[in-house]
Novice: 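After the structure tokens below, expect a handful of questions from me.
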Amino acid sequence: MPQLGHDRRTEVRRLIDSMEHAKSIGDGHFSALGMLITDASLCADEPALVEVQDGLQWLHRTHYLDTPALDGDQREQRGRILGLIDTVHWALRRLPSGLQLSLHPDGHAARFLIAVARRQGLSNQQLAAELGTDDTEISRVGRKLLSAGVVWRRKEWRHNAWDITPRGLLYAQTAGLLKEGEVPAPTRPADPLPEPSSRARPDAAGRRGPDEVSERPERPEPPRRRHEGPGRAEG
């Protein structure tokens, strides 16, 4: 995605230039920069992250080194800038090229990644069946890949559903686990949930099909007995 990366770098430069010339860096600046860092990290956009890191370090050197001379607001801005520098540093360290991942193509981790790239939304049970292992191994491998930022986990009903991240897709392609240009299918439930039985549907309780309806003869009401007054015998 070179064009997207180029646009993101341009936006980073414009934003940091605005921060440099602002009398006071506001929450809007930090929020916009935070969103750019998040997007660049998820998309493994190294040029944009480097642009953020260089721009923030330059901003800190030129305006915030003399800490005793800063007022309260400026010290707060300095702290937020240093925090974003740390965030970008670790985002760069966790890019696919520096993930410390070396997945064997036939190992469970690589096959897990390939499976969720080709069919997103797989559950633990479905992955276990596809990889020929058990739920415990799937949970262990999933935690490893989750911590590396190459997959993410979401809840669907009571089950985990696994998807590949943009970083994971880039890693899988550069590591040769996926063919060049192969992209995952749109996120969707892997298999539809079974239709609930009629017992689980209150509106269906007690209903019968047309062939199962049986008519019962009406029971005649018993004749009412005439009330006899006190002291009168029958007949």
Side-chain angles (χ1 to χ4, degrees), residues 1-67 70-103 113 116-117 120 142-155 161-175 177-178 183-184 186-187:
M1 293 180 287
Q3 185 62 38
L4 290 176
H6 174 73
D7 291 343
R8 200 176 285 116
R9 281 186 70 185
T10 302
E11 185 63 19
V12 168
R13 290 174 183 168
R14 185 198 66 77
L15 184 56
I16 290 182
D17 185 66
S18 173
M19 293 169 72
E20 179 195 4
H21 294 95
K23 290 184 179 180
S24 177
I25 302 176
D27 289 340
H29 290 101
F30 287 111
S31 295
L33 195 56
M35 286 189 289
L36 282 169
I37 293 170
T38 302
D39 289 345
S41 179
L42 287 173
C43 296
D45 187 352
E46 185 173 1
L49 290 172
V50 170
E51 192 71 37
V52 174
Q53 186 180 54
D54 290 347
L56 289 176
Q57 287 176 341
W58 175 82
L59 192 64
H60 176 258
R61 285 196 305 269
T62 55
H63 296 281
Y64 296 95
L65 277 183
D66 189 6
T67 308
L70 302 178
D71 60 26
D73 289 342
Q74 290 172 326
R75 292 188 182 192
E76 180 182 351
Q77 293 164 19
R78 177 181 181 271
R80 296 179 76 170
I81 288 171
L82 289 175
L84 288 176
I85 290 173
D86 285 343
T87 300
V88 175
H89 167 76
W90 286 108
L92 285 166
R93 289 285 299 272
R94 292 173 67 84
L95 287 176
S97 58
L99 277 178
Q100 306 279 333
L101 276 180
S102 181
L103 304 182
L113 194 62
V116 298
Q120 298 201 62
R143 287 194 299 271
K144 174 184 176 182
L145 297 178
L146 193 64
S147 66
V150 294
V151 298
W152 51 40
R153 179 179 57 199
R154 53 191 168 85
K155 279 286 186 183
W162 295 90
D163 302 318
I164 194 167
T165 65
R167 177 184 298 167
L169 181 60
L170 180 62
Y171 174 82
Q173 290 172 337
T174 55
L177 301 177
L178 293 175
V183 295
T187 301

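This chain uses plain numbering: 1 for the first residue, then up along the sequence.
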Novice: Hey, mind stepping through Trp152 and Val116 against side-chain contact (heavy atoms from CB on, under 4.5 Å) and telling me if it holds?
Specialist: CA-CA 10 Å; Trp152 51 40; Val116 298; over 6 Å; no
Novice: Would you say Trp162 and Arg154 make side-chain contact, with heavy atoms under 4.5 Å?
Specialist: no
Novice: Does the pair Arg14/Glu11 count as a salt bridge with the N-to-O cut at 4.0 Å?
Specialist: yes
Novice: Compare all side-chain heavy atoms of Lys144 with those of Leu103 and state whether any distance is below 4.5 angstrom.
Specialist: yes
Novice: Under a 4.5 Å cut-off applied to non-hydrogen side-chain atoms, are Val150 and Leu113 in contact?
Specialist: yes
Novice: Report the distance from atom CD1 of Ile37 to atom CG of Asp45, rounding to the nearest 0.5 Å.
Specialist: 12.0 Å
Novice: Suppose the criterion is side chain to side chain donor-acceptor pair (under 3.5 Å): which pairs have a residue in residues 29-44, not counting sequence neighbours?
Specialist: Ser18-His29, Ser41-Arg167
Novice: With the side chain counted from C-beta on, respond yes when Asp54 and Trp58 share a heavy-atom pair under 4.5 Å apart, and no when they do not.
Specialist: no
Novice: Please report the shortest heavy-atom distance between Ala48 and Val12, naming the atom on each side.
Specialist: O-CG2, 4.3 Å
Novice: With a cut-off of 3.5 Å and sequence neighbours excluded, list every side-chain donor-acceptor pair involving residues 76-87.
Specialist:
unit_1 : atom_1 : unit_2 : atom_2 : d
Gln77  : OE1    : Tyr64  : OH     : 2.9
Gln77  : NE2    : Ser24  : OG     : 3.1
Arg78  : NE     : Tyr64  : O      : 3.1
Arg80  : NH1    : Asp27  : OD1    : 2.8
Thr87  : OG1    : Gly83  : O      : 3.0

Novice: Given side chains that start at C-beta, do those of Phe30 and Leu15 come closer than 4.5 Å, heavy atoms only?
Specialist: no
Novice: Compare all side-chain heavy atoms of Ile25 with those of Asp73 and state whether any distance is below 4.5 angstrom.
Specialist: no
Novice: Is Val50 close to Leu92 at the side-chain level, that is, under 4.5 Å between some pair of heavy atoms?
Specialist: yes
Novice: Going from CZ on Arg153 to NZ on Lys155, what distance comes out if it is rounded to the nearest 0.5 angstrom?
Specialist: 7.5 Å
Novice: When rounded to the nearest 0.5 angstrom, what is the spacing between CD in Gln53 and NE2 in His89?
Specialist: 8.0 Å
Novice: Examine distances only and state if a side-chain atom of Arg75 and a backbone atom of Leu70 form a donor-acceptor pair shorter than 3.5 Å.
Specialist: yes
Novice: What pair of heavy atoms forms the shortest contact from Met19 to Leu33, and how long is it?
Specialist: SD-CD2, 4.1 Å
Novice: Calculate, to the nearest 0.5 Å, the distance between atoms CZ and CG belonging to Arg143 and Leu145 respectively.
Specialist: 11.5 Å
Novice: Indicate yes or no for a side-chain donor-acceptor contact from Gln120 to the backbone of Ile164 under 3.5 Å, with no hydrogens or angles considered.
Specialist: yes
Novice: Between Arg8 and Pro47, is any pair of side-chain heavy atoms under 4.5 Å apart?
Specialist: no
Novice: Where do Leu56 and Ile16 come nearest, in terms of heavy atoms and distance?
Specialist: N-CD1, 3.9 Å
Novice: Ignoring hydrogens, what is the shortest heavy-atom contact between Val52 and Val88? Give both atom names and the distance.
Specialist: CG1-CG2, 3.6 Å
Novice: Gln173 side chain to Leu170 main-chain N or O, any donor-acceptor pair under 3.5 Å?
Specialist: no
